[in-house]
Colleague: 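First the structure, then my questions, so here it is.
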Amino acid sequence: MFSIQGGEKMLEGLNPQQKEAVLHSQGPLLIIAGAGSGKTSVLTRRIAYLINERRVAPWQILAITFTNKAAKEMRERVENIIGPTALDIWISTFHSMCVRVLRRDADKLGYTNSFTILDAGDQLTAVKQCLKELNIDPKKFDPRGLLASISNAKNDLLTPERFADTVREGDVFGKVAADVYIAYQKKLKANNAMDFDDLIMKTVYLFQHHEDVLSLYQNRLHYIHVDEYQDTNKAQYKLVQLLAQKKRNICVVGDSDQSIYAWRGADITNILNFEKDYPETTVIKLEQNYRSTGLILQAANKVIENNAERKAKNLWSTKPEGELVKLYKAYDEHSEAQFVIQQSLEHIKSGGKHSDIAVLYRTNAQSRVIEEALLKSTVPYTIYGGIKFYERKEIKDIIAYLRLIANLNDDLSLTRVINVPKRGVGDTTVGKVLDYAAIHEISAFQALMEIESVGIRGKANGAIKEFVLLMRNFASQMPYLTVTDLTSEVLKLTGYRKELELEKTLEADARLENLDEFLSVTAEFDNKHDLSEENRLVEFLSEVALIADSEQTDGEEGPESIKLMTLHAAKGLEFPVVFLVGLEEGMFPSNRTLLGGDERDVEEERRLMYVGITRAEEKLFLSHAGSRMMYGQIKANAQSRFIREIPPNLIDEVGIIRRQPTQDRVRSEIPGMQNGARVPSNFGADPNLTWEVGEWVSHRKWGLGEIVKTEGAGDNLELYIQFEDLAIGMKKLLARFAPIVKTED
DNA sequence: AAGGTAGCGGTTTTT
DNA sequence: CCGCTACCTT
């Protein structure tokens, strides 16, 4: 197994720079890997080489990635070279790695080792609760903004106290953020919960304050690899530095031109300054691109050249020039979608596969129009991201139940489920319980256990007693049940499933389906974990918390479908045919960026464009729409500056596709309105009109209806309208607000 | 306590 | 445009 021939084989087909990167096995190594330069091959072969030829034990190697998907792929590829030994290599994302460290030693930081992990939604809820407690008006201080400040502070390794010190005199928002951060962190700790940023920050803190823990990992990990190093934030940077400073065999791979995560704290200077941090660094540049045809690559190079803050680099390729980049100006977003379909069909007709094709856009919302068009076509598709499985209400509910069972003192989960399904325990009751808990410094669940002293009587009292009994039962049964059985029992005994079954609506059925889907997730977990594992439930919950939703579509993805995803989700992937849609000023670069007026933000968007272009292997289609519905209004956007940055000689411009009738447009062609005019949106009926019984009107949402009765006058005029659609029936509307127009009978 | 409605605000991007 | 929230009603 450990043969020298193996070593030669490991270098097979690599260019000199790639070989050097594989063989370099002492000291810091910085690999500047351009798009499509085969960096994954280099990384995997390097790891295999260390094990096979340098006889490094697999468990002495750490490889950090940013997504679970990348970790999985890396593990598979190393395994292909050296066999199952690869399973012992510590390959994981930053976050899973930190969870593993913290599950062992979080008690040293005052948390229990079974702490729960909060997702974005939970974080926001927690912030809102803090605002309430601190009597801060969420309208004046946007909870999302505050959360972003807190998150930034954590990425910069600022504790609440240190963050407060950084707030400048007169910075009102900062002052509030500092107060909220303190309350928020206190709340999380009381709930034994950590958010995503905590996972990294607390691990760094643990290493900095517990020498023994740090040494354990420093001594064990002889070789450390970090993929996508340009995406690391300050906390991640520090973490890597702490781990690597003893053995100093640190290999980082990245491309500053593909840094697209500044908005979540990624600090491009981490990679730019790597050589300063480790003066003995060897730098290897991988500039040969093996992915794209010549003209596509030229287009990418030309676009990225417009960035001022950048280290010069020029990707080259020996591939043929290939086809010109195709540019389509569509009439509107619907014809843009039609264009994608037409071209896809053409690709199939000429012998291509659906799976060759990817449609990339700036924001998830853009997928809707394209999906609607695809639904009516014969083209199979898979959307990545978008509506997220783990963000659905029913899934969050059942997870909250499981969390509560794992930790009865988890107030955040408790408040989520105490009245789901409806038990007659409303806001008022919950408020009293929480007040009582706060005064006595106990958890909400403990307060529920002494509900008599809280002073809740009647229906709520009985419901709470039943709830407490149920939860305690679950908690005591937890060690003997698989996660699947536990989940089924919860759904049954809480009446959650029953309630949905009785609803008999399409929506309820979909929710039930999702719950069944969730049960297959638990079943998969149970297959891999023995009942004797004490912390199974906690383990399951952290696994679920760390899954990125863009990854979870994987299992069920139709192999023969075109793929729709955001540009961010496409990073690291490649496709023979790529559509970049919505290339308009205001869409991409986005309005936020343009209004912000910060040139560095535009540069980040440009890097995103660069990422998009370099995903394409053979064909690249760019498109933009002359007009587009945005926020309910038709907007005409200029073509994106990023298109203009591609030299015209690389572009093959294809004519405008004529507008096609769509249902949306039919709906706006109400008699009496000018064709194409906008349907009233934010305001009600025309105030100059009078409304009489017997007249027919058209309502924006409910369609045609007859006025059967009127009440009041002027601003208070109320119309009783019997709508044609029986499912809608009669409605009472205030004429001043109702989005209605008159029709000619 | 629960259900409905008007008003408001929001849209990046994700571990 | 859609979805969420803060009220208002029952």
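These numbers were taken from a predicted model, which means no experiment stands behind them.
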Colleague: Could you list the residues that satisfy salt bridge (charged side-chain N to carboxylate O under 4.0 Å, His left out) with A/Lys202, not counting sequence neighbours?
Modeller: none

Colleague: Please name all residues satisfying salt bridge (charged side-chain N to carboxylate O under 4.0 Å, His left out) with A/Glu585, sequence neighbours left out, ordered by chain then number.
Modeller: A/Arg641

Colleague: Verify the contact: side-chain N or O of A/Asn364 to OP1 or OP2 of B/dT14, cut-off strictly under 4.0 Å; return yes or no.
Modeller: yes

Colleague: Without decimals, in angstroms, what is the distance between A/Glu333 CD and B/dT11 P?
Modeller: 20 Å

Colleague: Round to a whole Å and report the spacing from CG of A/Leu147 to P of B/dG10.
Modeller: 15 Å

Colleague: My understanding is that only residues two or more places apart in sequence, or in another chain, count here; which of them pass salt bridge (charged side-chain N to carboxylate O under 4.0 Å, His left out) with A/Arg264?
Modeller: none

Colleague: Under the rule for side-chain contact (heavy atoms from CB on, under 4.5 Å), what residues qualify as partners of A/Asp601, not counting sequence neighbours?
Modeller: A/Thr593, A/Asp598

Colleague: Counting heavy atoms from C-beta on, name the nucleotide in B/dT11, B/dT14, B/dT15 closest to the side chain of A/Ala365.
Modeller: B/dT11

Colleague: Salt bridge (charged side-chain N to carboxylate O under 4.0 Å, His left out) with A/Lys422: which residues, sequence neighbours excluded?
Modeller: none

Colleague: For the pair made of CD in A/Gln123 and P in B/dT15, what is the distance, rounded to whole Å?
Modeller: 13 Å

Colleague: Start at the 5' end of DNA chain B and walk down; is the nucleotide closest to A/Asp197 or to A/Arg144 reached first?
Modeller: A/Arg144

Colleague: Expressed in angstrom and rounded to an integer, what is the separation of A/Arg606 atom CZ from B/dT13 atom P?
Modeller: 21 Å

Colleague: Is A/Lys234 atom NZ crowded by more than 12 heavy atoms from other residues, nucleotides or ligands, each under 6.0 Å away?
Modeller: no

Colleague: Between B/dT11 atom P and A/Asp142 atom CG, what is the distance in whole Å?
Modeller: 8 Å

Colleague: Does anything in residues 594-616 of chain A pair up under ring-ring contact (aromatic ring centres under 6.0 Å, His included), and if so which pairs, sequence neighbours excluded?
Modeller: none

Colleague: Do we see A/Trp263 stacking on the base of B/dT13, given a limit of 5.5 Å between centres and 30° between planes?
Modeller: yes

Colleague: More than 12 foreign heavy atoms under 6.0 Å from CD of A/Glu599: is that the case here?
Modeller: yes

Colleague: A/Asn591 has an atom CG; how far is it from atom C1' of B/dT11, in whole Å?
Modeller: 10 Å

Colleague: Starting from P on B/dT15, measure out to CG on A/Leu239 and report it in whole angstrom.
Modeller: 18 Å

Colleague: By ring pair (Phe, Tyr, Trp, His ring centres under 6.0 Å), which residues pair with A/His95, not counting sequence neighbours?
Modeller: A/Phe196

Colleague: What's the gap between C/dA6 and B/dT11 when it is taken at their C1' atoms, as a whole Å value?
Modeller: 23 Å

Colleague: Between A/Arg628 (CZ) and B/dT11 (P), how many Å, whole number?
Modeller: 19 Å

Colleague: For nucleotides 3-6 of chain C, tabulate all protein N/O to nucleotide N/O atom pairs closer than 3.5 Å, reporting atom names and distance.
Modeller:
unit_1 : atom_1 : unit_2   : atom_2 : d
C/dT5  : OP1    : A/Lys128 : NZ     : 3.4

Colleague: What pairs of nitrogen or oxygen atoms, one from the protein and one from nucleotides 1-4 of chain B, lie under 3.5 Å apart?
Modeller:
unit_1 : atom_1 : unit_2   : atom_2 : d
B/dA1  : OP1    : A/Gly426 : N      : 2.8
B/dA1  : OP1    : A/Thr429 : OG1    : 3.2
B/dA1  : OP2    : A/Thr428 : OG1    : 2.6
B/dA2  : OP2    : A/Asn419 : ND2    : 3.2

Colleague: Does A/Ser590 have a side-chain nitrogen or oxygen under 4.0 Å from the phosphate oxygens OP1 or OP2 of B/dT13?
Modeller: no

